[in-house]
Amino acid sequence: MLVESKRWRALLAKPSFMIASRAGSAIFAGYLLAATACGLMAIALPMAAADSVLVATMLSFTVYACAALYSFSVPSSTRAWRDLLLASAGLYLLILLVG
């Protein structure tokens, strides 16, 4: 059992795994953040429904790009995952409050 945990720790400490984890957080958690931000903006923007959805969708591409940049700028990959998932959870709670 101890040998297996050492193998996992060695695997998780490899730079290739760290880059893959950051890429995963940029792709998946970034998409989740952009989608929840788009939903919140579509609800909260004071325009006609079609216009607010269009503006929110265009702005969500900026949120997605910023999330991807953030994933590679923080010191650890676990912090990237944590921060992006917590931000999307916070936005989802705001959607539940507003909508």
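Residue Arg22 comes nearest to Pro75 through the heavy atom pair NH2-O, 2.8 Å, listed as atom of the first residue, atom of the second, then distance. What you find for Ala26 and Ala68 is that their closest heavy atoms are CB-CA, 3.8 Å. Between Ala67 and Gly30, the closest heavy-atom pair is CB-CA, 3.8 Å.
A donor-acceptor contact under 3.5 angstrom links the side chains of Ser25 and Ser71, judged on distance only.
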For Ile27 and Tyr64: C-alpha separation, side-chain torsions, deciding distance, then whether side chain to side chain contact (heavy atoms under 4.5 Å, CB included) applies.
CA-CA 9 Å; Ile27 293 167; Tyr64 190 49; 4.2 Å; yes
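Put simply, Ile95 and Leu91 are part of the same group of oily side chains (I, L, V, M, F, W, Y) that touch within less than 4.5 Å, one to the next. Residues Tyr92 and Leu85 fall into different hydrophobic clusters, defined by Ile, Leu, Val, Met, Phe, Trp and Tyr side chains chained together at heavy-atom separations under 4.5 Å. No path of Ile, Leu, Val, Met, Phe, Trp and Tyr side chains, each step under 4.5 Å between heavy atoms, connects Met41 with Leu84, placing them in separate hydrophobic clusters. At a threshold of 4.5 Å between side-chain heavy atoms, the hydrophobic network of Ile, Leu, Val, Met, Phe, Trp and Tyr places Leu86 and Tyr70 in two separate groups. Linking Ile, Leu, Val, Met, Phe, Trp and Tyr whenever their side-chain heavy atoms come within less than 4.5 Å leaves Phe72 and Val74 in two separate clusters.
Taking OG of Ser88 as the start and OH of Tyr31 as the end, the distance is 12.5 Å to the nearest 0.5 Å. The OG1 atom of Thr78 sits 7.0 Å away from atom CE of Met18, with the distance rounded to the nearest 0.5 Å.
Side chain of Ser60 to backbone of Thr57: a donor-acceptor contact under 3.5 angstrom is found. In this structure, the side chain of Ser21 does not engage the main chain of Phe17 through any donor-acceptor pair within 3.5 Å.
Side-chain atoms of Leu33 and Val63, non-hydrogen and from C-beta on, do get closer than 4.5 Å to each other.
Other residues, nucleotides and ligands place no more than 12 heavy atoms under 6.0 Å from the CZ atom of Phe28.
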